[in-house]
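To start, the structure under review is shown below, and the notes come after it.
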Amino acid sequence: MIFGASRAKAVDQLDNFIEQNLTDYSKLRNFDFGPDNRSNISCLSPYITHGIINELEVIEKSLKKFSFAKNEKFIQEVLWRVYWKGWLELRPNVWSDYLNELAKIKDEFKDNQNYLNAIEGKTNIDCFNQWVIELKENNYLHNHTRMWFASIWIFTLKLPWQLGAEFFMQHLYDGDAASNTLGWRWVAGVQTQGKHYLASEWNINKFTNNRFKNIKLNENTSPIFSDKTYSINKKDFLNSEILEGKTLLIFENNMAFEFSDFKEHKFKKALLVSNSNENRFIELSEKVLDFKANLLEDQKTRLEKKLIDCKIININDLKNITEEVYALYPTVGENLDFIKLNDLKNIKFLYRKLDQFSWQYCNKGFFNFKNYIPKIIANFNFL
Ligand SMILES: Cc1cc2nc3c(=O)[nH]c(=O)nc-3n(C[C@H](O)[C@H](O)[C@H](O)COP(=O)(O)OP(=O)(O)OC[C@H]3O[C@@H](n4cnc5c(N)ncnc54)[C@H](O)[C@@H]3O)c2cc1C
């Protein structure tokens, strides 16, 4: 699977998936047929994570092809991402606690051979070793494989989930603070306390078409224990009314401004913010940084075609800006951490309508959120 770093490539992939493969998605989505056969899933996450295409655009196109009833599973998955985002926005300390725990554990495990074998793909579990190679080479893993991988990491290799989540973030093109951290917490059994996800040999065999041999796993173990609970922070969405003539900031999660809720506003200029490893707590692989850099260039080219004055800046340059500027909200993660750490109060946030409407339903579990999906979609006139 090759991920071209452009909006044109993303739209092409979306259109192809909807035309040719959406019809069998709910039946086939759990199968990992290998990196050369990904037609049963959309592989859109590297693009959606960076806002190259957005969730509503994906849902709208899918509903033009099939009814809601036929599409329900796919739409649920697309909105699962919005749910994880909202869940973390309401409990941002889950992210800061994760980074604090990671700092401590990283130091403890830096010379641990079991850990080093895992990230080098040198364990005695064949499938796991192949997934490590695939992750580093393709910067993508199938959802089911992410679940098996995380489960083996935690319950068979007995490594801390925090280190596994870091390893994914370093190499995934779709690496996202919410989906990744909460995905790992969920497998470990600390997201839904007491309920973990246990990978099993028969399940891996069935959903990989028996591609692997010798899968000896620990299939009988208790969830990771955590008694930490998080109270909900109320979220205020204070969108500014007068944006004309202001400077716009674009972070790496919203790189298709011309399709955003704010596309009609005449900003004075756009500054596209690049974040190198120097200011990241989790250092990303060169390939992931290049992917982001190329997407940023692609956004710049598209904005210039629309005669919008724009420039790519380093995140450090934000410290020199004194005027009030407006940013498409970067969401809980490394970019928002930078803004908070440097106390950049002159940056005001603009929130997507989808997030403003959906995050109110993220206070409980996904099964509760699912009930509101028809309402969310109807709110955007798709039903
Ligand atoms: C341990 C673990 C870590 C993960 N880390 C990330 C991550 O860093 N970034 C990320 O985008 N996703 C993450 N996921 C979720 C999921 O695995 C990927 O979004 C999905 O595999 C992307 O492939 P796709 O685009 O072909 O998905 P499809 O099956 O085609 O689904 C369409 C879209 O729905 C969304 N989606 C699907 N499944 C999920 C899910 N379980 N959670 C949230 N959104 C979902 C994605 O935006 C995806 O592009 C993680 C899951 C696990 C179990």
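Counting from 1, the numbers follow the sequence of the chain as shown. Just so it is clear, the values below take in all heavy atoms, side chains as well, and ignore hydrogens, waters and symmetry mates. Atoms within each ligand, like the ligands themselves, are counted from 1 in listed order.
The nearest non-hydrogen atom to atom 10 (C) of ligand 1, considering only A188, G164, G183, S179, comes from S179. Checking H50, R146, K85 against atom 2 (C) of ligand 1, the nearest heavy atom belongs to R146.
Closest of all the heavy-atom pairs between M147 and V187 is O-CG1, 4.2 Å.
Seen from the ring of F259, R302 does not count as a face-on cation partner, given the 6.0 Å and 45° thresholds. The cationic group of R146 does not satisfy the cation-pi geometry with W148, failing either the under 6.0 Å distance to the six-membered ring centre or the 45° limit from the ring axis.
Near E77, meaning under 4.0 Å from any of its heavy atoms, are these atoms of ligand 1: 34 (O), 35 (C), 36 (N), 37 (C), 38 (N), 39 (C), 44 (N), 45 (C). Per-residue contacts place R81 under 4.0 angstrom from the following atoms of ligand 1 (heavy atoms of the residue considered): 43 (C), 44 (N), 47 (O). Counting the atoms of ligand 1 from 1 in the order shown, those under 4.0 Å from a heavy atom of L172 are 8 (O).
Residue contacts with ligand 1 include M147, since one or more of its heavy atoms lies under 4.0 Å from the ligand. Under a 4.0 Å heavy-atom criterion, T49 is in contact with ligand 1. At least one heavy atom of Y140 sits closer than 4.0 Å to an atom of ligand 1. The closest approach between a heavy atom of W186 and any atom of ligand 1 is not below 4.0 Å. For the pair Y83 and ligand 1, no heavy-atom separation below 4.0 Å is found.
The pair R352-E55 meets the salt-bridge criterion, with a side-chain N (NZ, NE, NH1 or NH2) lying under 4.0 Å from an Asp/Glu carboxylate O. The pair E101-K228 meets the salt-bridge criterion, since a charged nitrogen lies less than 4.0 angstrom from a carboxylate oxygen.
Under 4.0 angstrom from ligand 1, the non-hydrogen atoms of W84 all belong to its side chain.
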**Report entry** Residues K85, E89; criterion salt bridge (Lys or Arg N to Asp or Glu O under 4.0 Å); working and verdict
**Finding:** CA-CA 6 Å; K85 281 268 172 211; E89 287 296 329; over 6 Å; no

